[in-house]
Amino acid sequence: MTDNNIITSAEEHLLHTYNRFQIVLERGEGMYLYDVNGKEYLDLQAGIAVCALGYGNKKYTEALKSQIDKLMHTSNLYYSAPAMEAAEKLTKAAGMDRVFFTNSGTEAIEGLIKTARKYAFTKDGTTDHEIIAMEHSFHGRSMGALSVTGNAHYREAFEPLIGNIKFANYNDLESVKALVTDKTCAILLETVQGEGGIYPADPEFLKGLRALCDEKDILLMFDEIQCGMGRTGDFFAWQGYENADGTMGIRPDCMAVAKAIGNGVPVGAFLMTEKVAQSSMVPGDHGSTYGGNPLVCAAVSATIDIFSEDGILENVKSVAPYFEEKLQGLADKYPEAIKERRGRGFMQGLELKVSVGDVVKKGQSKGLLTISAGTNVLRMVPPLIMSRSDVDKAVAILDEVFSEISEG
Ligand SMILES: *Cc1c(COP(=O)(O)O)cnc(C)c1O
């Protein structure tokens, strides 16, 4: 089949919820993707921050194949070794005590919302508790996750959503404090905002939120779906923030993860401390048919093993300053096209004064895949195996793109 046939037929049958690029991807190798015509693309989007290990990692694919040969699915009514191993490794990496596996990030957020309400209900026996979320946040597309997503355009047609959600301004502690009442049960935020335009949390903001939550017994909930799993150079982004007492890690009470934790199989999770677990979810409160089945748990387990065996976090820590420096170089060279560089580690954004769609498309024609975030931010969330020479290659292509755009 030619790419045109595939695109035409796909457009006839798939529900039109995406305006897709005219590219049909077929296979991948390391940092590269190939389309059906054999054209090569250096990939700085990783399936939107999913494919942390890049493409075709042998240890990973062998682990999945061997699990497929044994057992793909069973029910959560039984135990399985892959679920036990994945739970042990993920809670350890996340500094949390308990985990529930989901099939997506959105469902992990649903789990956090239910945990927050149940925790508060257990405490005072009343309902109508409130959750504070952030403007310009993104937490997913289900009715619950949409309710806490700070983008009125995504929410409007689907109202009424779940109630008692208030929106504060990100990185503005006073705006959060102004919304706290006796009914506030949780504060939910991305440690680094992704879809909203790559905005890292200020250290003072996170410190202030932690103190506020401790003082009022409010649950601090981090959405680490995009920024977690090594992307910022720590296993989870909050681990790279310093506390008031100088220790590392502004630890939330609960967190949601997904995207890179299974390197491409549909899996997410919500995690919590023992204290929260003891006063919230009990048998019958939550469940999932597929959630944490042997196949996806084998993927989570293999991904975490490969992170330590192959020094994935070390790679991000060592290459990220170079990546930032090179992107900053572009921002300095093309001030009429680039307003600002932002980000942490391998989660970088260039806020543009020119059309981000044009930059993405010109990059594609030159063999570079990037995506947008917000309305005017060029987003780069590459596989975590990216090397300095990959950075050089990507930045050289972006340099050509910005030079063409600047010439008009
Ligand atoms: C992608 C994303 C989600 C939603 O995850 P899905 O797997 O698409 O349901 C939620 N929060 C953040 C921060 C995300 O980046």
Side-chain angles (χ1 to χ4, degrees), residues 15 17-18 20 44-52 90 94 100-116 131 133-151 154-155 158 161-162 165 167 170-171 186-201 206 220-232 236-238 252 254-271 288 290-292 296 299-300 303 342-349 370-374 377 379-382 384:
L15 188 65
T17 56
Y18 286 95
R20 292 179 163 84
L44 263 57
Q45 54 89 45
I48 315 192
V50 169
C51 307
L90 188 60
F100 182 101
F101 288 106
T102 65
N103 310 294
S104 67
T106 298
E107 287 166 82
I109 296 295
E110 297 292 324
L112 291 190
I113 295 171
K114 284 181 71 174
T115 300
I131 296 174
M134 301 295 143
E135 294 288 357
H136 306 296
S137 61
F138 180 83
H139 298 293
R141 303 293 200 148
S142 63
M143 297 300 275
L146 200 51
S147 304
V148 288
T149 287
N151 181 330
Y154 287 168
R155 291 199 311 265
F158 306 99
L161 297 170
I162 70 165
I165 309 292
F167 290 97
Y170 196 72
N171 280 335
I187 297 173
L188 171 68
L189 67 150
E190 294 152 89
T191 323
V192 181
Q193 284 193 332
E195 310 288 327
I198 315 292
Y199 289 96
L206 290 194
L220 183 58
M221 301 185 142
F222 289 165
D223 177 343
E224 289 250 353
I225 291 169
Q226 188 165 155
C227 63
M229 203 60 190
R231 186 144 298 280
T232 62
F236 294 97
W238 61 263
C254 307
M255 62 190 269
V257 297
K259 290 200 163 86
I261 67 161
N263 194 51
V265 299
V267 57
F270 60 98
L271 300 105
S288 169
Y290 289 134
V296 302
V300 171
T303 304
R342 290 193 291 269
R344 268 175 102 96
F346 278 14
M347 185 169 181
Q348 294 287 330
T370 56
I371 41 175
S372 62
V377 176
R379 172 167 40 161
M380 285 152 283
V381 283
L384 306 184

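Both ligands and their constituent atoms are indexed starting at 1 by order of listing.
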Check: Near S104, which atoms of ligand 1 are under 4.0 Å from a heavy atom of that residue?
Finding: 7 (O), 9 (O)

Check: Aromatic rings F100 and F270: how do their planes relate, parallel, tilted or perpendicular, breaks at 30° and 60°?
Finding: parallel

Checklist line | Short side-chain to backbone donor-acceptor contact, E224 and T191, under 3.5 Å | finding: no

Note to self: Taking 4.0 angstrom as the limit and counting only heavy atoms of E190, give me the atoms of ligand 1 inside it, by number and element.
What the structure shows: 13 (C)

Checklist line | Any N/O pair F138/ligand 1 closer than 3.5 Å | finding: yes

Margin query: Pair R379, E195 - check salt bridge (Lys or Arg N to Asp or Glu O under 4.0 Å), show working.
Written below: CA-CA 9 Å; R379 172 167 40 161; E195 310 288 327; 3.2 Å; yes

Next item on the list: Check if D223 has a non-hydrogen atom at a distance under 4.0 Å from any atom of ligand 1.
Entry: yes

Next item on the list: Identify, by atom number and element, the atoms of ligand 1 in contact range of G105, meaning under 4.0 Å from any of its heavy atoms.
Entry: 5 (O), 6 (P), 7 (O), 9 (O)

Margin query: Below the 3.5 angstrom mark, is there an N/O of K259, backbone or side chain, next to an N/O of ligand 1?
Written below: yes

Notebook entry, point to check: Hey, which atoms in ligand 1 end up nearer than 4.0 Å to a heavy atom of T106?
Noted result: 4 (C), 5 (O), 6 (P), 9 (O)

Notebook entry, point to check: Judged by atom type as modelled, is there a donor-acceptor pair below 3.5 Å linking the side chain of E107 to the main-chain atoms of G268?
Noted result: no

Margin query: Just to be sure I read this right, does ligand 1 sit under 4.0 Å from the backbone of E107, its side chain, both, or neither, counting only heavy atoms?
Written below: neither

Margin query: Please list, in number order, the atoms of ligand 1 under 4.0 Å from a heavy atom of H139.
Written below: 10 (C), 11 (N)

Note to self: What I'd like to find out is whether the side chain of Q193 reaches to under 4.5 Å of the side chain of S137, using heavy atoms alone.
What the structure shows: yes

Next item on the list: Examine distances only and state if a side-chain atom of R155 and a backbone atom of T149 form a donor-acceptor pair shorter than 3.5 Å.
Entry: yes

Note to self: Would the distance check show the side chain of N151 and the main-chain N or O of L146 forming a donor-acceptor pair, the cut-off being under 3.5 Å?
What the structure shows: no

